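Working notes, structure below.
Note that ligands are numbered from 1 as they come in the structure, with each ligand's atoms numbered from 1 the same way. The structure displayed is predicted, hence computed values, not measured ones. The figures here come from the full heavy-atom set of this structure, side chains too, leaving out hydrogens, waters and symmetry mates.
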Amino acid sequence: MTQSQFDAALDSWRVWQESPWGRLRYATAEFNLRRRLEPLGDGPLRVLDLAGADGGDALRLLRRGHRVTIVDYSPGMLAAARERAGQDGTEARLDTVEADVFDLPGAVTGSRYDAVLCHNLLQYVDDPAPVVRSAVSLVRRGGVVSVMAINRHATPLGLAVRSLDPAAALDALDRRHMHGETFDTELTLHTAEEIVPLLTGAGCTGIEHCGIRSVQDHITDDTRKHDPDFFAALEALELALTDRHPYPHTAKIFQLLARAGD
Ligand SMILES: C[S@@+](CC[C@H](N)C(=O)[O-])C[C@H]1O[C@@H](n2cnc3c(N)ncnc32)[C@H](O)[C@@H]1O
């Protein structure tokens with residue numbers, strides 16, 4: 001996929017982000033990050049958001065007073081991030097760098113960050129190992145790395161429960177790719193079990209496996225999720241389940257939080 005394809009899909013991406021399921025994704029990630037960042041001190045912390053797009057995660061960190069550098073190869077996404085930060089009055093703490101994560105400029109690699117996010121990038125790359133290694137290498141010792149991706153285990157469940165298609169679910173059990181609607185592209189699917197050894201191999205410790213959208217995708221009445229009371233109850237449940245195993249294993253998205261070593 002190219003940067004212009006991401007730029008072209010910016011409108012449908014914004015619609016997804018503002019949907020109840022999009023909002024749950026960002027709220028749960030923020031909840032998990034907050035728990036891991038608080039022990040690092042009051043901040044402001046320096047956060048690097050690899051493939052941070054239009055700032056869905058960054059904006060929430062900026063509002064908490066942190067400084068964020070977003071790297072993304074899509075100029076449209078970066079312009080949208082700056083615009084959103086401007087609306088919040090937090091743009092002075094935001095840096096945007098237009099670059100490929102596989103070819104980071106010295107301005108990014110010359111620093112070590114308190115936290116590095118790599119959220120929902122791995123589905124666009126076939127081999128996650130170089131990206132995970134690069135993300136960890138940019139975190140200072142004792143800092144936090146957060147890796148998030150679509151959970152391959154969730155695909156058969158979704159096909160059976162939402163699409164009412166058990167034959168397709170059976171067929172998907174060993175499939176490593178699916179079609180992503182928002183950007184109209186093929187996605188590579190990973191599992192937390194595959195990414196944890198990459199983090200460990202890069203020297204990380206204290207790895208926590210969290211789930212995002214543990215139950216929301218199994219509730220097929222999407223209309224109800226627009227009701228504020230229903231949404232608030234669903235969000236409270238999702239936050240309670242995010243680190244409560246076994247739920248993360250079948251959640252739509254996995255988020256791995258780890259501490260960087262030497
Ligand atoms: C699904 S979007 C969202 C990412 C964002 N972290 C989030 O979860 O809100 C994926 C983003 O990855 C960016 N991207 C994909 N491959 C990239 C690469 N090799 N280098 C830099 N950015 C990349 C795209 O431009 C797009 O903005």
Cation-pi geometry met for R23 and F231 (6.0 Å, 45°): yes

Are [X] and ligand 1 in contact, using a heavy-atom cut-off of under 4.0 Å?
| X | value |
| --- | --- |
| C118 | no |
| G56 | no |
| M77 | yes |
| Q123 | no |

Ligand 1 N/O within reach of V101 N/O, cut-off under 3.5 Å: yes

D72 N/O to ligand 1 N/O under 3.5 Å: yes

Given [options], which has its nearest heavy atom closest to [atom]?
| atom | options | answer |
| --- | --- | --- |
| atom 19 (N) of ligand 1 | L122, D100, L10, L50 | D100 |
| atom 9 (O) of ligand 1 | F6, Y26, W16 | Y26 |
| atom 2 (S) of ligand 1 | Y73, F183, F102 | F183 |
| atom 4 (C) of ligand 1 | A149, A51, A29 | A51 |

Numbering as shown, the atoms of ligand 1 that approach A99 to under 4.0 Å (heavy-atom distance): 20 (N), 21 (C)

Per-atom contacts of ligand 1 with N120, taking only distances under 4.0 Å to non-hydrogen atoms: 1 (C), 8 (O), 10 (C)

Minimum heavy-atom separation for [X] to [Y], with atom names?
| X | Y | value |
| --- | --- | --- |
| H190 | D126 | CE1-O, 4.0 Å |
| A154 | A251 | CB-O, 3.5 Å |
| D72 | A53 | OD2-N, 2.8 Å |

Ligand 1-proximal atoms of L121, by part, heavy-atom distance under 4.0 Å: side chain

Within reach of ligand 1, part of R25 (heavy-atom separation under 4.0 Å): side chain

Any donor-acceptor N or O pair under 3.5 Å, side chains H179, D184: yes

Side-chain donor-acceptor contact under 3.5 Å, Q255 with S146: yes

Pair D88 + R93: basic N to acidic O under 4.0 Å: no

Ionic contact status for R162 with D222, cut-off 4.0 Å: yes

Check against side chain to side chain contact (heavy atoms under 4.5 Å, CB included), F254 and M148: CA-CA 6 Å; F254 63 83; M148 176 188 300; over 6 Å; no

